[in-house]
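This report concerns only the one structure given below.
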Amino acid sequence: RADFLSKMKVALKEANETEYWLRLLYETQYISKTQFENLHNDLSEIIKILMAICKKQKLQITYTDNFGNRSEKKRVPLMVVIHQAEIYIACVSENHPDRTYALKLRRVESAKLLRESFIENPKVLEALRKRIRLGSFLFGEQNPKAEKVVLYFPNYLKNILKEKPYHPSMKITSAPGDEICVTMKVEINEQLKQWVLFYGNNATVEKPKILRQMLLDTAKELVKRYER
């Protein structure tokens, strides 16, 4: 916890310094008013979120969900997470204190620091870290289990996969023919399935069977939909 809190304080300090330099760029006319306001709005929310995490204070957040529903609720922020080029706020569920969920920063309309504090549960924080490590931060289970995944891709995708790996555990080795073998240890979930589908027929899953079945079920549903 001490190490984590130290990192959050460093992040808060860097965010405050960034605000200073951003304002200086605007005042010296290096960036336009529109550029300044767009960047400053996001930065202001990040600063409030980091401050809430460091001080263990709740936030009043106005947020728009995936369905376009707008809500204003108290949130218990645990961590700021960068995932696939997006910034998320990991929060603890107030109804189920042993569970966490994620808010996408770009959908946060406003965040207000409240005086109400919260007590952090080390077990929940560690479970959240595990979810992030196993690639189950957004769509996975609260207590994920890692499995070995083996896939094959055409050799020409090697650099693309290196530049945008699905998970830090991902390894790429040569395979017979003009292919590469990709292995990693992650949770098998909807997010992984969508990642494989992104590569279409360029990706071949060797194992596990459950991932192959998930892809097969999706393919069957697509056939039914488009054969109408």
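Worth saying up front: this structure is predicted, and the values here are computed from it rather than measured.
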Checklist entry - At their closest point, which heavy atom of Phe118 faces which heavy atom of Lys58, and how far apart are they? => result CD2-N, 4.0 Å

Next on the checklist: Strictly below 4.0 Å, N to O, side chains only: are Glu147 and Lys185 in salt-bridge contact?
Outcome noted: no

Checklist entry - Hey, are Arg106 and Tyr88 close enough side-chain-wise for a donor-acceptor pair under 3.5 Å? => result no

Checklist entry - Judged by modelled atom types alone, do Thr62 and Arg70 share a side-chain donor-acceptor pair under 3.5 Å? => result no

Item to check | Side-chain touch Glu14/Val10, heavy atoms, less than 4.5 angstrom | outcome: yes

Checklist entry - Would you call the rings of Phe36 and His40 parallel, tilted or perpendicular if under 30° counts as parallel and over 60° as perpendicular? => result parallel

Checklist entry - Any side-chain donor-acceptor pair under 3.5 Å between Gln191 and Asn189? => result no

Checklist entry - For the residue pair Cys181 and Ala175, what are the closest heavy atoms and their distance? => result N-CB, 4.0 Å

Next on the checklist: For Arg107, is the CZ atom crowded, meaning more than 12 foreign heavy atoms sit under 6.0 Å from it?
Outcome noted: yes

Checklist entry - Between Val150 and Val205, does a side chain to side chain contact (heavy atoms under 4.5 Å, CB included) hold up when you go through it step by step? => result CA-CA 6 Å; Val150 180; Val205 176; over 6 Å; no

Checklist entry - Closest heavy-atom contact between Met184 and Tyr166? => result SD-CD2, 3.7 Å

Next on the checklist: Show the nearest heavy-atom pair for residues Lys148 and Pro208, with the distance to one decimal.
Outcome noted: O-CD, 3.6 Å

Next on the checklist: For Gln29, is the CD atom crowded, meaning more than 12 foreign heavy atoms sit under 6.0 Å from it?
Outcome noted: no

Item to check | From Cys91 atom SG to Leu103 atom CG, the distance as rounded to the nearest 0.5 Å | outcome: 4.5 Å

Item to check | Joint hydrophobic cluster, Leu114 plus Ile46, side-chain heavy atoms closer than 4.5 Å | outcome: no

Next on the checklist: Would you say that Lys171 contacts Val182 through its side chain, given a criterion of any heavy-atom pair below 4.5 Å between the two side chains?
Outcome noted: no

Next on the checklist: As an exercise, state the distance from NZ of Lys130 to CG of Leu128, rounded to the nearest 0.5 Å.
Outcome noted: 12.5 Å

Item to check | Test side chain to side chain donor-acceptor pair (under 3.5 Å) applied to Tyr156 and Asn202, step by step | outcome: CA-CA 10 Å; Tyr156 65 81; Asn202 287 311; 3.0 Å; yes

Checklist entry - Should Ile47 and Leu12 count as side-chain neighbours, where that means a heavy-atom distance under 4.5 Å? => result yes

Next on the checklist: Grouping I, L, V, M, F, W and Y whenever their side-chain heavy atoms are under 4.5 Å apart, do Leu197 and Leu151 come out in a common cluster?
Outcome noted: yes

Checklist entry - Mind checking whether Tyr152 and Ile180 sit in one hydrophobic cluster, side chains of I, L, V, M, F, W, Y counted as touching below 4.5 Å? => result no

Checklist entry - Could you state the interatomic distance from CG (Leu105) to CD1 (Ile49), rounded to the nearest 0.5 Å? => result 5.5 Å

Checklist entry - In Å, rounded to the nearest 0.5 Å, how long is the span from CD1 of Ile188 to NZ of Lys207? => result 11.5 Å

Next on the checklist: Can you list everything that forms a side chain to side chain donor-acceptor pair (under 3.5 Å) with Glu37? Sequence neighbours excluded, please.
Outcome noted: none

Checklist entry - Does Tyr101 reach the main-chain N or O of Ser93 with its side chain, forming a donor-acceptor pair under 3.5 Å? => result no

Checklist entry - Would Leu59 and Lys112 count as a side chain to side chain contact (heavy atoms under 4.5 Å, CB included) if you check the C-alpha gap in whole Å, the side-chain angles of each, and the deciding distance to 0.1 Å? => result CA-CA 5 Å; Leu59 287 166; Lys112 180 183 178 183; over 6 Å; no

Item to check | Sub-4.5 Å side-chain heavy-atom contact between Arg75 and Ile89 | outcome: no

Item to check | Spacing of CG belonging to Leu25 relative to CZ belonging to Arg23, to within rounding of 0.5 Å | outcome: 11.5 Å

Checklist entry - Can Ile61 and Ser110 be said to form a side chain to side chain contact (heavy atoms under 4.5 Å, CB included), step by step? => result CA-CA 6 Å; Ile61 294 180; Ser110 65; over 6 Å; no

Next on the checklist: Strictly below 4.0 Å, N to O, side chains only: are Glu94 and Lys74 in salt-bridge contact?
Outcome noted: no

Checklist entry - Is the closest side-chain heavy-atom distance between Ile31 and Leu22 below 4.5 Å? => result yes

N/O donor to acceptor pairs below 3.5 angstrom from side-chain atoms of residues 215-227, sequence neighbours left out:
| residue | atom | partner | partner atom | Å |
| --- | --- | --- | --- | --- |
| Asp217 | OD1 | Gln213 | NE2 | 2.8 |
| Thr218 | OG1 | Lys193 | NZ | 2.9 |
| Thr218 | OG1 | Met214 | O | 3.0 |

Checklist entry - Can you tell me how far NZ of Lys56 sits from OG of Ser117, rounded to the nearest 0.5 angstrom? => result 9.5 Å

Checklist entry - Is the shortest heavy-atom distance from the side chain of Pro97 to the side chain of Asn121 under 4.5 Å? => result no

Checklist entry - In terms of side-chain heavy atoms, does Asn69 have a donor or acceptor partner in Tyr63 at a distance below 3.5 Å? => result no

Checklist entry - Do Ile53 and Ile119 sit in the same hydrophobic cluster, where Ile, Leu, Val, Met, Phe, Trp and Tyr count as joined when their side-chain heavy atoms come under 4.5 Å apart? => result no

Item to check | Full working for side chain to side chain contact (heavy atoms under 4.5 Å, CB included) between Ile87 and Val81 | outcome: CA-CA 6 Å; Ile87 300 175; Val81 180; over 6 Å; no

Checklist entry - Glu120 versus Leu78: any side-chain heavy-atom pair under 4.5 Å? => result yes

Item to check | Same apolar cluster: Ile82 and Met170, side chain cutoff 4.5 Å | outcome: no

Checklist entry - Quick one: do Glu126 and Arg129 make a salt bridge, cutoff under 4.0 Å? => result yes

Checklist entry - Looking at side-chain heavy atoms only, is the closest gap between Ile132 and Met79 below 4.5 Å? => result yes

